[in-house]
Amino acid sequence: MNELRKDVAASIAAAVPGLEPAEAYRQIETPPDPAMGDFAFPCFQVRAQFGNAAPPAVATQLAAKVAKPACILRIETKGPYVNFFADPGVLAKSVLSAAFAAGEGYGRNETGKGQTVVIDFSSPNIAKPLGIAHLRSTVIGNGIRRLWQACGYTVIGVNHLGDWGTSFGKLLSAWKKWGNEAELRAKGVEFLKDLLVRYTEETKKDPAYQQEARDWFRKLETGDAEAKAIWQHFRDISLAEFKRVYTLLGVDFDSWSGESFYVDQMDAAIAQLESKGLASESEGAYVVDLSAHGIKEPFLLRKADDASLYGTRDLAAILYRRKHYGAKKLIYVVAQDQKLHFKQLFMVAKLLGADVEPVHVEFGLMRIVRDGQREKMATRAGTIVLLADVIQEAVDRVHEIVADREWDAAKKDRIAHAVGIGAVIFNDLSRTRTKDIDFNLQQMLDFDPETKAFKGETGPYLQYTHARLSSALRKYGKPVAGDVNFALLATDDDKGVARQVGRFPQIVLDAATRYEPSILSRFLIDLAGEVNRFWKQQRILGDDAALTAARVLLVASARQVLKSGLTMLGIEAPEEM
RNA sequence: GUCCCCGUAGCUCAGUUGGAUAGAGCGGUGGUUUCCUAAACCGCAGGUCGCAAGUUCGAAUCUUGCCGGGGACACCA
């Protein structure tokens with residue numbers, strides 16, 4: 001695909017005095033409608049070379065002057081554009097032989113070879129159940145992680161658990177008052193959440209609770225054995241529960257080191273700040289004043305009561321990740337309400353001279369709609385929707401669909417999980433990160449109970465397309481050949497599929513560099529659209545052996561792209577559904 | 001009050017980083033299955049791109065101001 005574009009750029013450059021091929025290449029666009037051609041050259045910026053004629057006149061002159069590259073069938077002008085129509089056979093050959101040669105590796109690149117990046121994502125607070133709001137960081141982070149891996153980077157996935165902080169003082173105090181091991185075992189994290197909610201309520205009535213919580217957190221920070229043991233117990237219980245959900249989602253981490261891991265590294269980080277004269281006291285607290293660097297709000301290191309704060313642990317984590325993993329690029333997939341915090345944190349790291357390139361990959365908030373009113377998802381308000389429940393709901397719906405398939409129970413179960421979870425994940429990854437989203441199960445799992453089917457731009461749509469192609473290839477039953485007669489792939493339907501397959505490598509790179517899995521999601525939707533149109537209009541396995549071989553190669557390539565793309569999004573691609 | 005994000009079809013969203021008649025899905029409506037999976041495909045209807053100026057040959061896209069929604073703004077994470 002890019003080779004064709006290069007050929008076109010070379011011809012244009014040869015026809016326009018002073019235009020470098022690289023610049024011509026950059027200016028080439030893809031027409032909005034395939035009927036207008038495969039490559040378009042806009043004639044606005046080269047008017048000087050054509051006597052400052054009007055762009056449409058320039059287009060006419062240029063079209064007459066430009067030498068037709070071998071890969072181009074014909075050249076037409078339309079208004080101010082010179083449009084190039086690629087020879088479908090040449091296009092197919094260029095794209096499909098590259099895809100065939102790369103096999104499962106098609107779409108991957110080596111941009112990040114030898115470089116390590118750390119990506120911090122999901123990072124829930126223990127003692128709170130995983131809600132639907134945690135889905136965003138988890139699946140976006142997982143997608144970015146896989147995309148960067150596809151670009152050749154070594155990616156360390158870190159779940160920076162919220163397992164330290166003053167709220168654990170509350171929790172410990174609450175546990176001492178109302179704790180119940182049997183209930184904890186039965187209800188798990190839900191019980192811890194209830195304790196915290198109750199404690200917060202009581203604190204409003206009786207300020208003494210506040211002091212007791214502080215005392216318990218102090219005990220925890222100073223290594224009190226009882227406090228530490230209870231805390232460890234809570235952490236273990238939470239983690240076991242989280243891991244069940246992560247397993248369902250197919251997400252794993254290289255490190256589960258949360259905030260508590262950095263507790264004994266905080267003093268060293270503060271000492272470094274002090275040695276550079278960056279730390280100071282303000283209103284009883286210990287802070288880094290950033291007002292000279294365009295940030296009014298100071299960065300808090302320690303509270304007035306000397307208790308530590310999460311920012312300090314985050315700073316210690318930056319230093320640790322740079323040193324221990326040798327990573328310069330540090331990616332944080334965290335909701336945008338923490339934007340200021342990361343702005344401050346990164347500034348402090350910079351002032352400290354840390355040799356890192358941190359980036360906050362922010363995403364919009366998820367809120368729940370209730371009685372037509374939007375509410376921010378909040379644990380204490382009881383407006384939390386459990387992630388595990390949503391996943392179960394999705395899986396149940398797919399079970400309904402596959403109920404009358406002639407599969408054994410295990411297979412039904414496997415497919416139901418793959419498809420149901422695929423629907424949930426894709427729903428989140430198909431929108432631009434930064435937009436706020438309303439939680440809407442109906443729309444998330446766009447399911448028609450009458451026809452028993454998912455509809456529209458969903459994960460199941462992509463999986464279905466993949467399954468269809470897999471089915472055809474299964475029926476074909478022979479190995480896919482790479483040396484076919486590409487000229488036979490001549491219809492617009494063939495060309496449409498081939499063109500999309502050819503875009504894949506660039507899409508992977510774009511999605512990774514912009515930390516935007518939705519770029520890949522949208523692309524896969526477009527590809528599936530082309531594939532399904534092709535499927536309806538054309539026959540893959542026919543009487544003509546040569547045509548069949550060519551189409552099998554086309555279909556195998558499209559199937560591979562769907563599979564790789566879904567995998568990069570963290571979604572399974574079953575062969576049947 | 002200051003700063004940040006968002007505003008595109010009834011609803012949910014794309015829009016190739018400033019280019020051609022602004023595109024999908026859902027919902028509405030009318031069609032497509034002797035054939036590789038109809039969880040699919042095709043047609044029709046539906047738009048002052050929040051509003052107003054400005055920059056430009058050209059603006060949904062860039063600038064400024066306003067309106068509306070959300071968020072952040074020192075001892076929570």
Side-chain angles (χ1 to χ4, degrees), chain A residues 29-33 36 40 42 44-45 47 54-55 78-81 83 123-125 128 160 162 164-167 170 259 282-287 295-305 307 309-311 313-314 334-341 343 362-365 367 374 376 398 401-402 419 427 430-432 434-438 440 442-443 446-448 451-458 460-461 463-465 467-476 503 506 510 514 518-519 521-522 525-526 528-529 531-542 548 551 555 576-577:
Chain A
E29 299 171 12
T30 305
D33 181 349
M36 294 193 259
F44 306 99
Q45 290 172 47
R47 293 177 57 207
K78 190 168 165 99
Y81 292 87
N83 292 335
S123 308
N125 293 328
K128 284 184 188 172
H160 188 72
W164 204 256
T166 43
S167 66
K170 289 185 191 173
E259 293 188 56
S282 171
E283 297 177 26
Y286 208 38
V287 308
I295 303 172
K296 283 178 190 148
E297 299 81 0
F299 183 72
L300 279 278
L301 297 168
R302 281 195 178 282
K303 308 208 296 184
D305 67 4
L309 283 158
Y310 71 110
R313 296 187 281 277
D314 278 349
V334 180
Q336 61 189 186
D337 57 357
Q338 289 196 48
K339 198 165 181 164
L340 176 61
H341 171 247
K343 197 173 157 193
E362 65 201 284
F363 53 85
L365 267 50
R367 53 179 48 75
R374 285 180 184 164
K376 190 175 170 180
V398 186
I401 299 174
V402 299
V419 175
N427 176 262
S430 59
R431 318 145 129 65
T432 305
T434 48
K435 291 199 175 187
D436 290 347
I437 59 181
D438 291 337
N440 184 335
Q442 172 73 30
Q443 183 196 315
D446 200 346
F447 177 82
D448 185 335
T451 60
K452 288 194 178 179
F454 281 100
K455 294 171 304 184
E457 299 172 335
T458 61
Y461 174 67
Q463 291 171 317
Y464 173 72
T465 308
R468 274 182 141 182
L469 299 185
S470 301
S471 170
L473 291 170
R474 225 170 17 245
K475 186 155 184 182
Y476 180 63
R503 289 179 61 205
Q506 187 63 44
D510 288 349
R514 288 169 59 181
S518 72
I519 291 175
S521 302
R522 308 297 322 179
I525 289 291
D526 289 344
V531 166
N532 285 312
R533 185 174 309 121
F534 167 85
W535 182 278
K536 179 78 177 178
Q537 294 296 124
Q538 310 294 339
R539 184 89 196 143
I540 299 163
L541 309 174
T548 298
R551 290 218 159 125
V555 160
E576 293 173 72
M577 62 182 274

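Bear in mind the structure is a predicted one, so any value in this text is a computation, not a measurement. Throughout, a chain's letter reflects where its sequence line sits, starting with A, and its residues are numbered from 1.
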(message) Contact between A:R503 and A:T30 at the side-chain level, heavy atoms closer than 4.5 Å - yes or no?
(response) no
(message) Quick one, A:I540 and A:F534 - any side-chain contact, counting heavy atoms below 4.5 Å?
(response) yes
(message) Nearest heavy atom decides the nucleotide; on that basis, is A:A285 or A:D33 closer to the 5' end of RNA chain B?
(response) A:D33
(request) Please tell me which of the listed nucleotides, B:rC36, B:rG70, B:rA20, lies nearest to the side chain of A:A40? (result) B:rA20
(message) Rounded to whole Å, please give me the gap between NZ in A:K339 and P in B:rC5.
(response) 5 Å
(message) Any donor-acceptor pair, under 3.5 Å, between the side chain of A:K296 and the base of B:rU2, if you only look at N and O atoms?
(response) no
(request) Would you mind reporting whether A:W535 and A:V555 have side-chain heavy atoms less than 4.5 Å apart? (result) no
(request) Would you mind reading off the distance between A:D448 atom CG and B:rA40 atom C1', rounded to a whole angstrom? (result) 14 Å
(request) Taking atom C1' in both B:rG25 and B:rA14, compute the distance separating them and give it to the nearest angstrom. (result) 10 Å
(message) Taking only the P atom of each, what is the distance from B:rC6 to B:rU21 in whole angstrom?
(response) 27 Å
(message) From CZ of A:R514 over to P of B:rU17, roughly how many Å is that when rounded to an integer?
(response) 9 Å
(request) Go through B:rA39, B:rA40, B:rC76 for me and flag the one nearest to the A:N532 side chain. (result) B:rA40
(message) Taking B:rA9 as the reference, what is the distance to B:rG70 when you measure between their C1' atoms (whole Å, please)?
(response) 23 Å
(request) Could you state the atom-to-atom distance from CZ of A:R533 to P of B:rC41 in whole Å? (result) 8 Å
(request) Specify the glycosidic conformation (syn or anti) of B:rU17, with syn defined as within 90° of 0. (result) syn
(message) Taking the side chain as everything from C-beta on, heavy atoms only, tell me whether A:M577 gets closer than 4.5 Å to A:V398.
(response) no
(request) Measure from CZ on A:R522 to P on B:rG23 and round the result to the nearest Å. (result) 15 Å
(message) Taking atom NZ as the centre, does A:K455 end up with more than 12 heavy-atom neighbours from other residues, nucleotides or ligands that are less than 6.0 angstrom away?
(response) yes
(request) Rounded to whole angstrom, note down the P distance from B:rC5 over to B:rU64. (result) 11 Å
(message) Work out how far the C1' atom of B:rA45 is from that of B:rC4, and round it to whole angstrom.
(response) 40 Å
(message) Heavy atoms only, 4.0 Å cut-off, all strands: where does A:G165 land among base, sugar-phosphate and nothing?
(response) sugar-phosphate
(request) Evaluate the ring planes of A:F447 and A:F454, with Trp represented by its six-membered ring, and classify them as parallel (under 30°), tilted (30 to 60°) or perpendicular (over 60°). (result) perpendicular
(request) Name the nucleic acid region contacted by A:V287, choosing base, sugar-phosphate or nothing; use a 4.0 angstrom heavy-atom cut-off, strictly under. (result) base
(request) Please figure out whether A:P460 or A:T30 has its closest RNA chain B nucleotide nearer the 5' end. (result) A:T30
(request) Indicate, with a heavy-atom threshold strictly under 4.0 Å, whether A:L541 touches base, sugar-phosphate, or nothing. (result) base
(request) Report the nucleotide, chosen from B:rA40, B:rC73, B:rC57, that has the shortest atom-to-atom distance to any side-chain atom of A:L340. (result) B:rC73
(request) Check every strand shown and say whether A:E576 touches a base, only sugar-phosphate, or nothing at a heavy-atom separation below 4.0 Å. (result) base
(request) Measure from the side-chain heavy atoms of A:K78 and tell me the nearest of B:rC36, B:rA40, B:rA20. (result) B:rA20
(request) Show the numbers, then the answer: is there a side chain to side chain contact (heavy atoms under 4.5 Å, CB included) between A:L300 and A:V287? (result) CA-CA 5 Å; A:L300 279 278; A:V287 308; 4.0 Å; yes
(request) Please measure how far the C1' atom in B:rA22 lies from the corresponding atom in B:rA59, and state the result in whole Å. (result) 12 Å
(request) Determine whether any donor atom in the side chain of A:E283 lies under 3.5 Å from an acceptor atom in the base of B:rA74, or the reverse, and answer yes or no. (result) yes
(message) What's A:Q506 touching, base or sugar-phosphate or nothing? Going by heavy atoms closer than 4.0 Å.
(response) nothing
(message) Within the 4.0 Å heavy-atom criterion, would you say A:P42 contacts the bases, only the backbone, or no part of the nucleic acid?
(response) nothing
(request) Taking only the side-chain heavy atoms of A:K536 (C-beta and beyond), determine which of B:rA39, B:rC36, B:rA38 contains the nearest atom. (result) B:rA38
(message) For a quick test of reading the model, state the closest non-hydrogen atom pair linking A:D436 to A:Q336 and the distance between them.
(response) OD1-OE1, 3.6 Å
(message) Taking any heavy-atom pair under 4.0 Å as a contact, classify A:P80: base, sugar-phosphate, or nothing.
(response) nothing
(message) Nearest to the side chain of A:D446, heavy atoms from C-beta on, is which of B:rA14, B:rA20, B:rC26?
(response) B:rC26
(request) Might you point out which heavy atoms bring A:P31 and A:M36 nearest each other, and give the distance in Å? (result) CB-CB, 3.9 Å
(request) Can you figure out which of B:rG15, B:rG71, B:rC41 approaches the side chain of A:Y461 most closely? (result) B:rC41
(request) Would you indicate which nucleotide in B:rA39, B:rC35, B:rA14 comes nearest to any side-chain atom of A:V402? (result) B:rA39
(message) Taking atom types as they are modelled, would you say the side chain of A:S282 forms a donor-acceptor pair with the base of B:rA74 within the 3.5 Å cutoff?
(response) yes
(request) Tell me whether the OP1 or OP2 atom of B:rC76 has a side-chain N or O from A:S167 closer than 4.0 Å. (result) no
(request) Using distance alone, with no hydrogens and no angle criterion, decide if A:N532 and A:Y461 have a side-chain donor and acceptor under 3.5 Å apart. (result) yes
(message) What is the separation between atom NZ on A:K435 and atom C1' on B:rG7, rounded to the nearest whole Å?
(response) 8 Å
(request) With pairs defined as Watson-Crick or G-U wobble and both distances under 3.5 angstrom, please note down RNA chain B as a dot-bracket string, | for pairing with another strand. (result) (((((((..((((.....[...)))).(((((.......))))).....(((((..]....))))))))))))....
(request) Between B:rA38 and B:rU34, how far apart are the C1' atoms? Round to whole Å, please. (result) 16 Å
(request) Could you state the atom-to-atom distance from CD of A:E457 to P of B:rA14 in whole Å? (result) 10 Å
(request) Give the rounded distance in Å between these two atoms: CG of A:D438 and P of B:rG71. (result) 12 Å
(request) For B:rU29 versus B:rU16, give the span between their C1' atoms, rounded off to a whole number of Å. (result) 32 Å
(request) Select base, sugar-phosphate, or nothing to describe what A:E362 touches, counting heavy atoms under 4.0 Å on all strands. (result) nothing
(message) Show, in sequence, the C-alpha distance, side-chain angles and deciding distance for A:R522 and A:E457, and conclude whether the side chain to side chain contact (heavy atoms under 4.5 Å, CB included) test is met.
(response) CA-CA 9 Å; A:R522 308 297 322 179; A:E457 299 172 335; 3.5 Å; yes
(request) Would you indicate which nucleotide in B:rA40, B:rC6, B:rA20 comes nearest to any side-chain atom of A:T434? (result) B:rC6
(message) For a quick check of understanding: with a heavy-atom distance under 4.0 Å over all strands, which category does A:D314 fall into, base, sugar-phosphate or nothing?
(response) nothing
(message) Given B:rC36, B:rC26, B:rU21, identify the nucleotide with an atom nearest to the side chain of A:M36.
(response) B:rU21
(message) Is the phosphate of B:rC35 approached by A:W535 (side-chain N or O, under 4.0 Å from OP1 or OP2)?
(response) no
